[in-house]
A.B. asks: 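Take a look at the following structure, please.
Below, chain A is the first sequence line, B the second, and so on; all start at residue 1.
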There are 2 protein chains.
Amino acid sequence: MSVVARLRKSISEGVYPAGERLAELQVANDLGVSRTPVRLAFRTLEQEGLLERAGKRGFRVRAFTDADVLCALEVRGVLEGLAARRLAEQGLSTATLERLNACLDEGHAVLAKGHLTAEDVTRWSALNSRFHTTILGATGSQVIQDAIQRNDHLPFASADSLIIDTERLGREYRKLCVAQVQHQSIVQALAHGEGARVELLMREHAYIGIRYDELLELDPKSEPPE
Amino acid sequence: MSVVARLRKSISEGVYPAGERLAELQVANDLGVSRTPVRLAFRTLEQEGLLERAGKRGFRVRAFTDADVLCALEVRGVLEGLAARRLAEQGLSTATLERLNACLDEGHAVLAKGHLTAEDVTRWSALNSRFHTTILGATGSQVIQDAIQRNDHLPFASADSLIIDTERLGREYRKLCVAQVQHQSIVQALAHGEGARVELLMREHAYIGIRYDELLELDPKSEPPE
DNA sequence: TTTGCCAAAATTGGATCCAACTAAAGCATA
DNA sequence: TATGCTTTAGTTGGATCCAATTTTGGCAAA
């Protein structure tokens, strides 16, 4: 695992708390390497937005507010919406359509039995990732993908960061049902070349990560943690 | 001037042609520094999208197609559109509105005499930059600004990269007149809290950089290079 | 007791050094 | 002559070294 990846992990796990200034030597010792790879990694992480310059010298861990997280989600929404619209306008290959339909089928299979298991969450995460990757990959230009990937390093901005609360699998099940319908609508719009529609659907779909929780809670008291 | 900035310049000027593999030592000698700052700069430039990894070792200058350039422009459009919509929805301060109106006034002054000079181009570039910076700055969250700034390093994606063709100041004058009206519409929409409208206006405004040229050419033969 | 200045320690940026890996060139053999 | 192997030159990744700057801590004076 590269120094950059390990540092990303440490930051997201709170080993280095938000706002903390990172000393090159300290981090180098923590990771068991010399300063050189750490210095290189700091530059990468700075561009990714996880670190920020601390005055004239050094870096600190970037702190994210709730507003920032929502913003990162909206950025993903508009970028993925742009990608989907372009794909709809340029037309998609049958191979792409088949891959997307395969994702829909598997999603249907995951949700068919009416409730969620831990294994289902893993399967969904994989198919969801495949779904989004397929659309982004089919748009051709690398530029949009790059912009999204850079944004994905921010917390909760990635399309993968969906399920967290395993205490409330009931609510999460309903959430995935909504996500499944959204995926279906997106494929329908893509297949018919409906650029404007697919863009709006994709933008709304981005909100599934954090803004649907409060909508899908049947009743706080009727569903005790399982 | 930092190593990163000098390298950016060299790449955009074609000193290192697209697709060329960059040797650390070679670049270090060219810039008169040691390998260390060059290696650090390579990581930054990679994240900015100007360099890409060449296999397992080293980097090469990224090549951009016309489609990539258009894509980068659209990315700017949707991101700046998002920023403007958020600003409209959250409401803008009187100070912000005043700054924007000052930009409009200066734009009006620049275009009042009915034609362009070299000095006018500089003035427009400055006020245009101020206009866009003001809107982005007023939205609050740094996340969108970061996404835009990263995208701006790609060729022609920046809001500043407007005027190039000093051979055709007539056409460029008409282009700036359109840009001025777009700026005015954007401020109007912002002032009235019209989020959806300002987003669409901003997205269209992004195209002014390259897609309006063919629209504003009165007649290729009627306007010889001045 | 508080404030300001000076010195010392820590830390970063840049340069050099070493080892590992890649690629190219040359030689030998079929 | 062509192909394949070996050796060698080059380049990158990582470690260490040096200088410069910043920050911290202590001491003195008001």
A.B. asks: Show every donor-acceptor pair shorter than 3.5 Å between a side-chain atom in residues 77-85 of chain A and any protein atom, with sequence neighbours excluded, or say none if there are none.
C.D. replies:
residue	atom	partner	partner atom	Å
Glu80(A)	OE1	Arg76(A)	NH1	2.5
Glu80(A)	OE2	Arg76(A)	NH1	3.2
Glu80(A)	OE2	His132(A)	ND1	2.4
Arg85(A)	NE	Glu199(A)	OE1	3.0
Arg85(A)	NH1	Glu89(A)	OE1	3.3
Arg85(A)	NH1	Glu89(A)	OE2	3.1

A.B. asks: Applying side-chain contact (heavy atoms from CB on, under 4.5 Å), name anything that partners Ala118(A), two or more places apart in sequence or on another chain.
C.D. replies: none
A.B. asks: What is the distance, rounded to the nearest whole Å, between atom CG of Leu40(A) and atom P of dG13(C)?
C.D. replies: 12 Å
A.B. asks: Looking at dA15(C), I'd like to know if its phosphate oxygens (OP1 or OP2) sit under 4.0 Å from a side-chain N or O belonging to Ser34(B).
C.D. replies: yes
A.B. asks: Listed by chain and number, what are the ring-ring contact (aromatic ring centres under 6.0 Å, His included) partners of Phe64(B), not counting sequence neighbours?
C.D. replies: none
A.B. asks: For Tyr16(A), give me all partners under ring-ring contact (aromatic ring centres under 6.0 Å, His included), at least two apart in sequence or on another chain.
C.D. replies: none
A.B. asks: Not counting sequence neighbours, which residues clear side-chain contact (heavy atoms from CB on, under 4.5 Å) with Glu52(B)? List them please.
C.D. replies: Arg60(B), Arg62(B)
A.B. asks: Do nucleotides 6-12 of chain C as a string where each nucleotide becomes B, S or -: B if the base has a protein heavy atom under 4.0 Å, S if just the sugar-phosphate does, - if no protein is that close.
C.D. replies: -----BB
